[in-house]
Amino acid sequence: MSEERSLNFIEEIIEEDIRNGKNEGRVHTRFPPEPNGYLHIGHAKSICLNFGLAKKYNGKTNLRFDDTNPVTEDTEYVESIKEDVRWLGFDWANELYASDYFDQIYAFAQKLIEQGLAYVDDSTAEEIAHQKGTPTEPGVPNQYRDRTVAENLNLFAEMKDGMYPDGAKVLRAKVDLGSPNMLMRDPIMYRIKHAHHHRTGDAWCIYPMYDFAHGQSDSIEQITHSICTLEFIPHRAMYDWFIDKLAIFPSQQYEFARLNMTYTVMSKRKLLQLVNEGFVESWDDPRMPTISGLRRRGYTPHSLREFCERIGVAKRENMIDVSLLEFCIREDLNKTAWRRMAVLDPVKCIITNFAEGAEEMHFGENNPEAEGGDGGRDIPFSREIWIERDDFMEVAPKKFFRLGPGLMVRLKNAYIIKCDDFIKDADGAITEIHCSYIPESRSGSDTSGINVKGTIHWVSVPHAKTAEVRLYDRLFKVEDPSNEDGDFKDYINPESLHMIQAYVEPDLATVETGKGYQFIRKGYFCLDKTSTADHLVFNRTVTLKDGWVKK
RNA sequence: UGCCUGAUAGUAUAAUGGUAGUACGACGGUUUUUGGUACCGUUUGUCUAGGUUCGAAUCCUGGUCGGGCAACCA
């Protein structure tokens, strides 16, 4: 029944391949993170793409950790990545590691040496960079380039055996020092690093570079469509060259544009800085664009998948408006989140004609969008209630459908009340509002015949629970912090977090973490992982859309 | 300066030589016991100059603009 959606360019390539019987119609993708940081929403785009493609074409997706640089990587990251992918709703066919292939990749290197296509170079990093030339001048060969196969084989073995310190030698591919593509000017295949690897321990002291590990891993796994981001386009030449010279399974690389989003940064390096320098609390700070941050903020896997679906896949640079992300979570939560009442900026309202000490229970459905309201809960009502400070105005403008002297509103799920009086303190701040209720207007059995324009939320004073509520705003003040002059951290929004004390209806003391709630008229909120029975903590996921603009 | 890429409303993304459409945003309206939701409507676009063609967003040529490439990172 699904609408016929047009294909993105990668789907077109795949369908063409299937039509041509390429790889016997097999589709095998992979998601290949380096375990050196937490996944962010940009990775979610890649995850949804890779797993989505495999699912659509009855294929498989491997989760492969690109762990070829032991100094930056850690099992902490491996675990978080697995958790995030799973949470997003995807299952991988195989959990694999580039480090699983170190023996095989080493053998590939020997094979290239034997073909005269790789050599050991004793130059320093600076010398190699210098000899590479510039984009407009070709590189120049050095004396090491002519070493014999036997000599190279021997030296490479000695590198592996730990006979040289870090940086003393590298293994380079003998490609073309005059290539207009800088990456083809004899790229480094192996470097010496006497470092402990989180999986292989101290078994190795040489590690393959990206260009000599990624494509080889793809090939070993018989990956048919190796999808990466645009900045790897120049690497494709090397990717293909190695596969060709090694005569191994010809995986093919395709590139799409990475996700950029307004008012945020998306590079692991920058996100790491935010954490390390204390601008945010942690990788899963609800202001972070990480998967774990969004999860803690109250985003659902479904909303993230929907977002990734809507942003599309193409090759041009893009800057997605965060409002689309917000739309996706509102759309999801509107259908599923239970409604509750919470007063974030309270002022006391006394129902003067309601008996002192009396209490009533009023029923509130869980979700008006769901059939039958999805059940409901009882809400205690009494003579004193908290209402929102900005739901009262001493001098109300024309279209203000809330409380003010002589004005009437409905208390959600309860009675219509009329404002008779109010009290101010010495500074002119409202301290108390006096109202009378209309007994015949009880919600569900209203015989009063009165129609009011406005409905406000409220919480009974003696029944209210206190809660800490964290109101989040965008982390940056400008649309594209990475593109501004100076340090991106200069553009951090100092107002990105407001912590307030709120009064919430008693039912909210019993909610579970991981479930989204709508605080009526205020937004979507979820219980924070740090919340306890004695100290409730809620995070605001997103506000409600606000069509009310003051003139 | 060399090479590689890309260019369609504010932002994304379709149209694969034949009516420039969709979503988000913005604006306006209807409904509403959430100024939410839902529904309806309005708004704004093919980078540029030539060429091919009955017909070009699409093909060709030149230009302009954006992004990437000179890590023992991935």
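The model shown is predicted, which means the values in this text are computed figures rather than measured ones. So you know, we letter chains A, B, ... as the sequences are listed, proteins then strands, and number each from 1.
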S.K.: Looking for any heavy atom pair under 4.0 Å, which part of the strands does I520(A) touch: base, sugar-phosphate only, or nothing?
M.R.: base
S.K.: Within the modelled atom types, does a donor on one side and an acceptor on the other bring the side chain of Q518(A) and the base of U34(B) under 3.5 Å apart?
M.R.: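 Under the 3.5 Å cut-off, the side chain and the base do form a donor-acceptor pair.
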S.K.: Between U34(B) and T455(A), counting only base atoms on the nucleotide and side-chain atoms on the residue, is there a donor-acceptor pair under 3.5 Å?
M.R.: no
S.K.: Heavy atoms only, 4.0 Å cut-off, all strands: where does A125(A) land among base, sugar-phosphate and nothing?
M.R.: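 A125(A): base contact, heavy atoms under 4.0 Å.
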S.K.: Within the structure, does a side-chain N or O atom of K132(A) lie under 4.0 Å from either OP1 or OP2 of A71(B)?
M.R.: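 False: K132(A) side-chain N/O out of range (4.0 Å or more) of A71(B) OP1/OP2.
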S.K.: Going by an N to O cut-off under 4.0 Å, is there a salt bridge joining E306(A) and R310(A)?
M.R.: yes
S.K.: Categorize F401(A) for me: base, sugar-phosphate, or nothing, with a 4.0 angstrom heavy-atom threshold over every strand shown.
M.R.: base
S.K.: With a non-hydrogen cut-off below 4.0 angstrom, is N334(A) in contact with a base, only sugar-phosphate, or nothing?
M.R.: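 Base: the residue N334(A), judged by heavy atoms under 4.0 Å, touches a nucleobase.
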S.K.: How would you label the contact of G523(A) with the nucleic acid (heavy atoms, under 4.0 Å): base, sugar-phosphate, or nothing?
M.R.: nothing
S.K.: Give the C-alpha distance, both sets of side-chain angles, the deciding distance and a yes or no for ring-ring contact (aromatic ring centres under 6.0 Å, His included) between F381(A) and W458(A).
M.R.: CA-CA 9 Å; F381(A) 179 78; W458(A) 53 276; 5.4 Å; yes
S.K.: In whole angstrom, give me the gap between the P atoms of C4(B) and U13(B).
M.R.: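 Approximately 24 Å lies between the P atom of C4(B) and that of U13(B).
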S.K.: Using a cut-off of 4.0 Å on non-hydrogen atoms, how would the nucleic acid contact of I233(A) be classed: base, sugar-phosphate, or nothing?
M.R.: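 Since only primed, P, OP1 and OP2 atoms lie under 4.0 Å of I233(A), the category is sugar-phosphate.
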S.K.: Does R410(A) make a side-chain N or O approach to OP1 or OP2 of U34(B) shorter than 4.0 Å?
M.R.: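 Answer no for this pair, as no side-chain N or O of R410(A) is under 4.0 Å from OP1 or OP2.
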S.K.: When rounded to the nearest Å, what value does the distance between P atoms of U44(B) and A9(B) take?
M.R.: 14 Å
S.K.: Tell me which nucleotide among G2(B), U11(B), C24(B) gets nearest to the side chain of D321(A).
M.R.: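 Taking heavy atoms from C-beta onward, the closest nucleotide is U11(B).
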S.K.: When we call it a touch if two heavy atoms are under 4.0 Å apart, what does E369(A) touch: a base, just sugar-phosphate, or nothing?
M.R.: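 Touches a base.
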S.K.: Students often get this wrong, so: under 4.0 angstrom with heavy atoms, is R330(A) touching a base, only sugar-phosphate, or nothing?
M.R.: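 Nothing: the residue R330(A), judged by heavy atoms under 4.0 Å, touches no strand.
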S.K.: When you compare G25(B) with G18(B), how far apart are their P atoms, in angstrom units rounded to a whole number?
M.R.: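 The same atom, P, in both gives a distance of 32 Å.
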S.K.: Once hydrogens and angles are ignored, does a donor-acceptor distance under 3.5 Å link the base of U34(B) to the side chain of R339(A)?
M.R.: yes
S.K.: Between T124(A) and C72(B), is there a contact of a side-chain N or O with OP1 or OP2 at under 4.0 Å?
M.R.: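 For C72(B), neither OP1 nor OP2 has a side-chain N or O of T124(A) closer than 4.0 Å.
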S.K.: Which part of the nucleic acid does S323(A) contact within heavy-atom distance under 4.0 Å: base, sugar-phosphate only, or nothing?
M.R.: sugar-phosphate
S.K.: Do E255(A) side-chain and G6(B) base share a donor-acceptor contact under 3.5 Å?
M.R.: no
S.K.: Which whole number of Å gives the distance between the C1' atom of G67(B) and that of U34(B)?
M.R.: 45 Å
S.K.: Would you mind classifying the nucleic acid contact of T229(A) as base, sugar-phosphate or nothing, using non-hydrogen atoms under 4.0 angstrom?
M.R.: nothing
S.K.: Hey, does the side-chain of R521(A) have a donor or acceptor N/O within less than 3.5 Å of a partner on the base of U34(B)?
M.R.: no
S.K.: Using a cut-off of 4.0 Å on non-hydrogen atoms, how would the nucleic acid contact of D166(A) be classed: base, sugar-phosphate, or nothing?
M.R.: nothing
S.K.: What's the gap between G17(B) and C60(B) when it is taken at their P atoms, as a whole Å value?
M.R.: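 Pairwise P distance, G17(B) against C60(B), rounds to 12 Å.
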S.K.: Describe the nucleic acid contact of P368(A) in one word from base, sugar-phosphate, nothing, applying a heavy-atom distance below 4.0 Å.
M.R.: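 The answer is base, as P368(A) lies within the cut-off (heavy atoms under 4.0 Å) of a base atom.
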S.K.: Looking across every strand, which nucleic acid part, if any, lies under 4.0 Å from K193(A) by heavy atom: base, sugar-phosphate, or nothing?
M.R.: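 Sugar-phosphate contact only - K193(A) comes under 4.0 Å of backbone atoms but never of a base.
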S.K.: Say we look at C3(B) and G45(B): how far apart would their P atoms be, to the nearest angstrom?
M.R.: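 Result for the P pair: 36 Å, nearest Å.
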S.K.: Is there a donor and acceptor pair closer than 3.5 Å between the side chain of H235(A) and the base of A74(B)?
M.R.: yes
S.K.: If pairing requires Watson-Crick or G-U wobble contacts with both distances under 3.5 Å, which nucleotide is the partner of U53(B)?
M.R.: none
S.K.: Specify the separation, in whole Å, of atom CG of L230(A) and atom C1' of G67(B).
M.R.: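 Answer to the nearest Å: 8 Å.
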S.K.: Please state whether the phosphate of U13(B), meaning OP1 or OP2, lies under 4.0 angstrom from any side-chain nitrogen or oxygen of R316(A).
M.R.: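 So the side chain of R316(A) is within the cut-off, an N or O lying under 4.0 Å from OP1 or OP2 of U13(B).
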S.K.: By the 4.0 Å heavy-atom rule, please label Y207(A) as base, sugar-phosphate, or nothing.
M.R.: nothing
S.K.: Taking only the side-chain nitrogens and oxygens of R191(A), find out if one of them lies under 4.0 Å from OP1 or OP2 of C73(B).
M.R.: yes
S.K.: Report the C-alpha separation of N142(A) and D121(A) in whole Å, then their side-chain angles, then the decisive distance to 0.1 Å, and conclude whether the side-chain contact (heavy atoms from CB on, under 4.5 Å) test is met.
M.R.: CA-CA 9 Å; N142(A) 59 33; D121(A) 192 326; 2.9 Å; yes
